[in-house]
2 protein chains.
Amino acid sequence: MSLPYAILTALLEKPSSGLELTRRFDKSIGYFWSATHQQIYRELGKLEESGAIRALPGPTQPTRGQRKEYEVLPAGRDELAAWVAKIEDPKPIRDALLLRLRAAGVVGTQGLEAEVRRHLALHRAQLAEYRAIEERDFGDGRDSEGDRLRHLVLRAGIDLENFWVGWLEAARAELADMGTGVGTGTGTDARTGPDSTA
Amino acid sequence: MSLPYAILTALLEKPSSGLELTRRFDKSIGYFWSATHQQIYRELGKLEESGAIRALPGPTQPTRGQRKEYEVLPAGRDELAAWVAKIEDPKPIRDALLLRLRAAGVVGTQGLEAEVRRHLALHRAQLAEYRAIEERDFGDGRDSEGDRLRHLVLRAGIDLENFWVGWLEAARAELADMGTGVGTGTGTDARTGPDSTA
DNA sequence: TCAGACATGTAACGTGTTACATGATTCT
DNA sequence: AGAATCATGTAACACGTTACATGTCTGA
């Protein structure tokens with residue numbers, strides 16, 4: 001639902017070929033909406049057909065193995081602007097690790113602490129990376145409107161990673177506290193109590 | 001990838017029919033891994049075929065329109081326990097609103113502030129709901145291992161919503177600050193500067 | 001008996017993922 | 001000419017979403 005708009009944004013920032021886009025999605029925009037090259041090519045095809053973008057005229061168009069650069073057309077820009085203002089509810093959280101914690105409440109925490117530790121390290125690394133980018137790109141004084149918005153987005157990334165680091169530390173402490181978590185779940189099985197806990 | 005495990009967890013907590021599961025996914029587990037009834041029936045079919053769960057013997061099995069309750073078999077419990085300990089990297093952030101902020105840096109912020117306000121209200125409401133659940137289910141002293149883990153998961157939900165509320169307030173302030181954001185993007189278009197900003 | 005709720009299921013489609021196929025360009 | 005890299009593309013499948021179809025049970 002959002003991928004075409006991510007691509008339009010990227011192309012407006014700088015006209016690119018499919019492979020270039022793919023590389024740019026590995027950092028930058030991809031931090032918040034990742035995509036593989038297959039998705040990108042598929043979507044570029046649709047966008048071109050719908051008249052939102054067009055391929056820049058190259059020497060020839062045999063289209064296989066040949067680099068093909070795209071730029072956004074006015075129609076594409078309009079669609080993007082409309083999407084920015086569109087009413088669209090936030091999606092609920094969808095996180096496998098939280099689910100695993102919950103499952104551990106039923107089948108036991110065996111092996112979970114190691115995973116929590118691993119995730120903690122990964123999130124710390126991501127946090128450091130974001131902070132480095134912030135330092136590099138927004139280290140000094142204020143900048144243009146576009147820059148302020150990009151900084152705001154980066155702040156969201158930083159704060160989110162920050163949340164994970166904090167929460168994972170608490171989770172690790174809790175798991176350590178619960179002993180080595182041997183056995184198949186200490187809690188009363190098949191409990192009949194309230195289920196609405198979250 | 002995670003849905004079957006979400007279902008196994010739910011069934012271990014309490015054997016249920018497909019529709020009951022669907023209702024329980026609208027709260028509880030669904031706060032962290034939502035699913036529609038079609039997904040659930042599809043997955044129940046697969047799980048039954050693979051021997052992870054079985055239908056409790058009812059009066060008859062004409063299987064259409066007839067309530068069918070499932071319970072987890074030992075094989076299913078083992079699979080779930082294995083999944084809890086499995087090495088599986090966290091998925092990168094995937095959030096449309098962040099993408100829209102980024103797009104606004106290119107095509108202008110027209111209409112965005114209203115959306116930000118709307119999301120802010122939604123996140124505040126969700127936060128209040130989580131806090132109410134926490135008060136109700138974990139208001140008093142300490143509890144069993146399973147309860148402690150569920151509380152931890154709920155804390156993640158609360159902290160996440162808390163993050164969103166804070167960030168959205170900052171975003172709203174920034175957008176207000178930028179003026180009414182008329183026009184098609186104040187920033188320099190087609191900028192050639194660094195793209196790695198996030 | 002009819003309406004409404006309960007309950008399970010099909011069909012079709014869009015998006016995301018993985019594996020593989022093919023052609024062009026550059027360097028040795 | 002061969003290998004490596006650049007570049008675009010196909011195919012198949014898993015998962016999620018939407019719309020619709022079908023059957024059962026309960027109470028007015």
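Letters A, B, ... mirror the listed sequences (proteins, then strands); counts begin at 1. The structure presented is a predicted model; accordingly, all values stated were derived computationally and were not measured. Hydrogens, waters and symmetry mates are skipped; everything else that's a heavy atom, side chains included, is used.
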Could you tell me the separation between the [atom1] atom of [X] and the [atom2] atom of [N], rounded to a whole number of Å?
X        : N       : atom1 : atom2 : answer
Leu19(B) : dG23(D) : CG    : P     : 18 Å
Leu56(A) : dA7(D)  : CG    : P     : 15 Å
Lys91(B) : dA14(D) : NZ    : P     : 15 Å
Ile40(A) : dT10(D) : CD1   : P     : 16 Å
Tyr70(B) : dG9(C)  : OH    : P     : 6 Å
Gln39(A) : dT10(D) : CD    : P     : 16 Å
Glu49(A) : dG9(D)  : CD    : C1'   : 16 Å
Arg23(B) : dA7(C)  : CZ    : P     : 6 Å

Of all the choices, [options], which nucleotide is nearest to the side chain of [X] once you look at every atom?
X        : options                   : value
Gln66(A) : dT8(D), dT17(C), dA24(C)  : dA24(C)
Thr36(B) : dT17(D), dG16(D), dA12(D) : dT17(D)
Tyr41(A) : dT18(D), dT18(C), dA7(D)  : dA7(D)
Arg67(A) : dA12(C), dG16(C), dT8(D)  : dT8(D)

> Are any of Lys46(B)'s side-chain N or O atoms less than 4.0 Å away from OP1 or OP2 of dC15(D)?
Replying inline: yes
> Is the phosphate of dG9(C), meaning OP1 or OP2, less than 4.0 Å from a side-chain N or O of Lys68(B)?
Replying inline: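 True: Lys68(B) side-chain N/O within range (under 4.0 Å) of dG9(C) OP1/OP2.
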> Do Glu161(B) and Arg131(B) sit within salt-bridge range, that is, some charged N less than 4.0 Å from a carboxylate O?
Replying inline: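 No, no charged N to carboxylate O under 4.0 Å.
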> Can a donor-acceptor pair under 3.5 Å be found between the side-chain atoms of Arg42(A) and the base atoms of dT17(C)?
Replying inline: yes
> Should the ring pair His119(B) and His123(B) be called parallel, tilted or perpendicular, given that the plane angle runs from 0 to 90° and is split at 30 and 60?
Replying inline: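 The rings of His119(B) and His123(B) sit tilted, inter-plane angle from 30° to 60°.
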>> Distance check, rounded to the nearest 0.5 Å: Leu120(A) atom CG versus Trp164(A) atom CH2?
In response: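 Rounded to the nearest 0.5 Å, the CG-CH2 separation comes out at 11.5 Å.
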> Could you give the distance from CD1 (Ile40(A)) to CG (Leu19(A)), rounded to the nearest 0.5 Å?
Replying inline: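 Taking CD1 in Ile40(A) and CG in Leu19(A), the distance rounds to 9.0 Å.
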> Nearest nucleotide by nearest heavy atom, which residue falls closer to the 5' end of DNA chain D, His37(B) or Glu43(B)?
Replying inline: Glu43(B)
> Hey, which of these two, Arg94(A) or Gln38(B), hits DNA chain D nearer its 5' end, going by closest nucleotide?
Replying inline: Arg94(A)
> Can you tell if the side chain of Arg100(A) reaches within under 4.5 Å of the side chain of Tyr5(B), non-hydrogen atoms only?
Replying inline: no
